[in-house]
Amino acid sequence: MLINNNKIGYRPTWAQIDLNNLEHNFLEIKKRLAPGTKILVTVKADAYGHGLIPVSKRLVACKVDFLGVASIDEGITLRKAGIKVPILILGLILKDDILPLFEYNLSTSVCDVGLSRALNKKAALKRKKLNVHIKVDTGMGRIGVSHYDAHKLVKNIHNLKHLRIEGLFTHFAFADLNREFTFHQIDLFNKLIRKLSKDNINIPLVHAANSIGLLDYKYSHFNMVRPGLIIYGLHPKEELKINLKPVLSLKTKVIFVKKVPAGSGISYGHDYITSRATKIATLPIGYGDGYPRNLSNKAPVLIRGKRFKICGRICMDQIMVDVGNAPVKVGDEVVLIGSQGKNKITVEELAELSNTIPYEIVCGLGSRIPRI
Ligand SMILES: *Cc1c(COP(=O)(O)O)cnc(C)c1O
């Protein structure tokens, strides 16, 4: 099957990625920043399920300053695709895995003396410098040097001649819920920066804000921000809606339609019994594609511009929909995420029904679904 000249294979199920909307979101977000503030976009986890390479290439065309990944492997994939902008590994690496940082020119995060010394030693052997960003834990409780010990660590790393401290950063634990705690985190981070500048240690890039930080905490911008979710047009919080356009749509086509009498059990366990004579449409997508199984009997889909509900348990490769007496036919396009006619289904809506966050919905979409 061909969509926009892209072959999607013989199963009519695909995710449509609108890179113009991605660009719109990037520019919309850039408008909200003070001039000169840099943007690192997080493209980890296959660009939140949107496709690492095409998304990153479009961001480079938009003049993104940095790309953020979770692992060396994601960084290598970007470099092999010809991407030249600076790349920061936001997670930690093991001492045995330092060499690719040189070959692929990747900046990495550090938060202790051990890894920093190992990096410095390898860099000295190669007569090169490595760029590091020091991660400070101001309350997230994940990776990061505790803010109590951060000043000492930065000074130590500053003395390692083959490391260049390119950045200093922290991450918010509660930006969506607890303003007081977030202000406390910003405060701790500011104290550290002031202390360092008294020692004449000036770090080029200082960053803290994820999507919520960027939208809701102006004082968290420093000189670089690190949005992910909002770049993909998804809102971290209902009250923080700005003019974003969703980038991903999830679509399939009706593969089978069958008339059934009242009292028919549908799918495993017969969790759904038809209350009247009706038609059941089957869709070629399932939890094997990362569509959450706990949306069984809950989630809507759009067919012919109208909303219908999934009925019965979601299977690995198939989903059933009770379409009543609507004139639904095999081959009709079905929207699981996105718009059709005047109706739309958002990632945020599915996340709420699935009792999770929008991040997990888009990241969960499997590699079996082609991104077009
Ligand atoms: C993923 C990530 C972000 C982006 O978070 P969003 O909520 O998607 O904006 C920012 N910083 C770090 C360290 C991350 O891991």
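Computed from a prediction, not measured in an experiment: that's the story for all the values here. As the structure lists them, so they are numbered: ligands from 1, and atoms in each ligand from 1.
- Looking at Arg58 and Asp18, no side-chain N of the basic residue comes within less than 4.0 Å of a carboxylate O on the acidic one, giving no salt bridge.
- A salt bridge links Glu349 with Arg307: the distance from a Lys NZ or Arg NE/NH1/NH2 to an Asp or Glu carboxylate oxygen falls below 4.0 Å.
- Salt bridge present: Asp187 and Lys191 bring a charged side-chain N and a carboxylate O closer than 4.0 Å.
- Residue pairs meeting the ring pair (Phe, Tyr, Trp, His ring centres under 6.0 Å) criterion with at least one member in residues 190-224, sequence neighbours excluded: His133-His207, Phe169-His207, Phe183-Tyr217, Phe189-Phe222.
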Between ligand 1 and the protein, which N/O pairs are shorter than 3.5 Å?
from     : atom 1 : to     : atom 2 : distance (Å)
ligand 1 : 7 (O)  : Tyr359 : OH     : 2.5
ligand 1 : 8 (O)  : Tyr48  : OH     : 2.6
ligand 1 : 8 (O)  : Leu229 : N      : 2.9
ligand 1 : 9 (O)  : Ser211 : N      : 2.7
ligand 1 : 9 (O)  : Ser211 : OG     : 2.5
ligand 1 : 9 (O)  : Gly228 : N      : 2.9
ligand 1 : 11 (N) : His171 : ND1    : 3.4
ligand 1 : 11 (N) : Arg226 : NE     : 2.8
ligand 1 : 11 (N) : Arg226 : NH2    : 3.3
ligand 1 : 15 (O) : Lys44  : NZ     : 2.5

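- Taking 4.5 Å as the limit, some side-chain heavy atom of Arg11 sits within range of a side-chain heavy atom of Ile369.
- Few gaps surround CG on Asn159; more than 12 heavy atoms of other groups in view lie less than 6.0 Å from it.
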